[in-house]
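See structure below.
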Amino acid sequence: MKVLLLNQCFWPDVMATGQQLTDVACELAGRGHEVTVITGRRGYDDPQLPFPRRERWRNIEIVRVRSIAASKTSRWRRALNFASFLTTCAWRLAFTRRQDVVIALTSPPLISWLAALFTRIKGGQLVCWVMDLNPDEAIAAGWLRAESATAKLLAKLLMSSMQHAERIVVLDRFMKERLLLKGISPDRIEVISPWSQPVHFDQQGREAFRRVHGLTDKFVIMYAGNHSPCHPLDTLLEAAARLVRREEMAFCFVGGGSEQRKVKEFAFANKLKNIHCLPYQPQEDLSSVLSAADLHVVVMGEAFVGTVHPSKIYNILAIGTPFLYVGPKESHLGDIIARLNDPGRAMQSIHGRLDEIEQFISNAALALNGDNRFAANQRSVRSGQSNLAAAFSKMTLLPKFIKEVEAIVSEPGASASETPAAKFQSA
């Protein structure tokens, strides 16, 4: 089976969607399929980071196309970057041969429409893997007005690609509900959440990371991942300001995105020495970085349920660290907390409820007083979360995704007999 994957980020980029797509590509290639990836030539978060134009890695053909190296600190820069990538991607697709299956993600938003056009012209089946839902997300963020011509055009193009897709993979039931309201048939929608990366609690890595960054004797509250307007950090920053006199506490922001600059500006303006900002860390250090936290924080904006899906929660579950979720209760994160049913491990609050959040952080610091007590508590927490973490593991969810892709070529009407997939299916 010939499979084409389309997304702006892919290995070695550390963005979450790139990591998920890399897992899929490696698994498909390992199962004997012919895999090609068309992706961006520059780092998604750091456009100054270049990657080779073309290479073969783990039996995957990687084709990287150019885009204008505009940062995503403003809407027009982001639009320029997206538009330039889509233009060069369209040019590359014009010279790409027919594929049996095309898997299109949503970075940038119109990539699925290009994929739909490609399969309409050249044939093959389309899988839309919805990592975020636009223009819904852009409207919720205030970047677009719902009644604007741009929003209406984007909505029309989204529907065009979704209606053409053989499969639509969404990340949670709330995304599915949004698509159902748009008139998409439920038979074509499959809910598969992102899976955790192969991370584990690493005591030595924890100690090393904390030592390097001056956090050895601190109670570390960590926000790790994309700093986006969809995940507003105002409440967490205000909590850091209120707890500035607690010298044993440190707030560590790790990652990137357009909002990281605001974190640094807030810390500088308020002279907060308890805020530490670090860039994205190498993928091989992920276990060490996440293990360094005593309390993780996951944030989602009130208006973004069903449009975005903070996937950092799955790595946090795998590590086993207690976490605080700030956002709407009716969300996939609320569902996870309900399944855990343990306020000592997972606490939920809403934006602006500072007293409650400050109290939870203080209680968590008191409960995990010192590294020795942390290690004992961590074993208890990991034990309690292990079953849920397994349900969201790569071992559980990646085969489910692969099964959906491979099933397409064996369905009535699919031309599998002339592709390598036919031999695979009959083996």
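From a predicted model like this one, the values you see are computed outputs, not experimental measurements.
Salt-bridge annotation for Asp172 and Arg178: absent, with no side-chain N of the basic residue lying under 4.0 Å from a carboxylate O of the acidic one. Contact check on Glu177 versus Arg173 returns a salt bridge, with a Lys/Arg side-chain nitrogen under 4.0 Å from an Asp/Glu carboxylate oxygen. For Asp294 and Arg206, the salt-bridge test passes: some basic side-chain N is under 4.0 Å from an acidic carboxylate O. A salt bridge links Glu265 and Arg261; the closest N-O separation between the charged side-chain nitrogens and carboxylate oxygens is under 4.0 Å. Comment: Arg210 does not engage Glu207 in a salt bridge, judged by the lack of any side-chain N to carboxylate O separation of less than 4.0 angstrom.
Side chains of Ser393 and Tyr314: no donor on one and acceptor on the other come within 3.5 Å. Using a 3.5 Å distance cut-off with no hydrogens or angles, the side chains of Asp202 and Ser291 do not pair a donor with an acceptor. Side-chain contact of Asn226 with Glu259: a donor-acceptor pair under 3.5 Å is absent, judged by distance alone. There is a side-chain donor-acceptor pair under 3.5 Å between Asn363 and Gln359.
Within the structure, salt bridge (charged side-chain N to carboxylate O under 4.0 Å, His left out) contacts touching residues 8-26 (residues at least two apart or in different chains) are Asp23-Lys394.
In this structure, Arg246 and Ser362 have side chains that are in contact, with non-hydrogen atoms separated by less than 4.5 Å. The side-chain heavy atoms of Trp143 and Pro229, taken from C-beta on, include a pair separated by under 4.5 Å. At a threshold of 4.5 Å between non-hydrogen side-chain atoms, the residues Val170 and Ile168 count as touching. Residues Leu4 and Ile38 are in side-chain contact: their nearest non-hydrogen atoms beyond the backbone lie under 4.5 Å apart. Counting only heavy atoms from C-beta outward, the side chains of Val299 and Tyr325 never approach each other to under 4.5 Å. In this structure the side chain of Val130 never reaches within 4.5 angstrom of the side chain of Leu105, judged on heavy atoms. With contacts defined as side-chain heavy-atom distances shorter than 4.5 Å, the pair Gln281/Leu286 does not qualify. With contacts defined as side-chain heavy-atom distances shorter than 4.5 Å, the pair Val254/Tyr280 does not qualify.
The backbone N or O of Gly327 lies less than 3.5 Å from no partner atom in the side chain of Ser331, so there is not a single donor-acceptor pair. Of the possible donor and acceptor atoms, none in the side chain of Asp100 sits under 3.5 Å from a partner among the backbone N and O of Gln125. At distances below 3.5 Å, not a single donor-acceptor pair connects side-chain atoms of Thr119 with backbone N or O atoms of Gly124. Side chain of Thr321 to backbone of His296: no donor-acceptor contact under 3.5 angstrom is found. Between the side chain of Thr39 and the backbone N or O of Gln8 there is at least one donor-acceptor pair closer than 3.5 Å. The closest donor-acceptor contact from the side chain of Asp342 to the backbone of Gly344 lies under 3.5 Å. Without hydrogens or angle criteria, Ser84 side chain to Ser67 main chain gives no donor-acceptor distance under 3.5 Å. Asn315 places a side-chain N or O within 3.5 Å of a backbone atom of Gln197 that can act as its donor or acceptor partner. With hydrogens and angles ignored, the 3.5 Å screen pairs no side-chain donor or acceptor of Thr22 with any backbone N or O of Phe10. The closest donor-acceptor contact from the side chain of Ser160 to the backbone of Lys156 lies at 3.5 Å or more, if one exists at all.
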Intermediate values then yes/no, side-chain contact (heavy atoms from CB on, under 4.5 Å), Leu86 and Trp113:
CA-CA 10 Å; Leu86 289 169; Trp113 182 79; over 6 Å; no
Show the numbers, then the answer: is there a side-chain contact (heavy atoms from CB on, under 4.5 Å) between Arg188 and Arg167?
CA-CA 5 Å; Arg188 292 156 62 199; Arg167 288 283 191 282; over 6 Å; no
side-chain contact (heavy atoms from CB on, under 4.5 Å), that's the test. Do Trp129 and Thr17 meet it? Break it down for me.
CA-CA 10 Å; Trp129 193 1; Thr17 61; over 6 Å; no
One pair to check against side-chain contact (heavy atoms from CB on, under 4.5 Å): Leu324 and Ile221. What are the steps and the verdict?
CA-CA 9 Å; Leu324 163 65; Ile221 303 101; over 6 Å; no
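For the atom pair NZ (Lys312) and CG (Leu317), the distance works out to 12.5 Å, reported to the nearest 0.5 Å. Lys182 contributes atom NZ, which lies 9.0 Å from atom CD1 of Ile184 (distance to the nearest 0.5 angstrom). In this structure, His351 NE2 and Ile357 CD1 are separated by 8.0 Å, a value rounded to the nearest 0.5 Å. Considering OG1 of Thr106 and CG of Asp132, their distance stands at 4.0 Å, rounded to 0.5 Å. Taking CD of Glu248 as the start and CG of Asn274 as the end, the distance is 10.5 Å to the nearest 0.5 Å. Arg92 contributes atom CZ, which lies 14.5 Å from atom OG1 of Thr87 (distance to the nearest 0.5 angstrom).
Closest approach of Pro194 and Gln20 over heavy atoms only: CA-OE1, 3.4 Å. Shortest non-hydrogen contact noted between Val326 and Ile350 is CG1-C, 3.9 Å. Smallest separation of non-hydrogen atoms from Ser112 and Ala104: CA-CB, 3.8 Å. Taking every heavy atom of both residues into account, Ser288 and Gly205 meet most closely at OG-CA, 3.3 Å. The nearest pair of heavy atoms linking Ala165 to Cys128 is CB-SG, 3.9 Å. Closest approach of Gln283 and Gln19 over heavy atoms only: OE1-NE2, 3.0 Å.
For His309 and His332, the ring centers sit closer than 6.0 Å to each other.
With sequence neighbours left out, Lys152 forms a salt bridge (Lys or Arg N to Asp or Glu O under 4.0 Å) with no residue at all.
Ring orientation note: the planes of Tyr223 and His227 are nearly perpendicular, at an angle over 60° on the 30°/60° scale.
Each of Phe266, Phe251, Phe253 was checked for a side-chain contact (heavy atoms from CB on, under 4.5 Å) with Leu233, and the lone residue meeting it is Phe253.
Within a 6.0 Å sphere centred on CG of Asp217, other residues, nucleotides and ligands contribute 12 heavy atoms or fewer.
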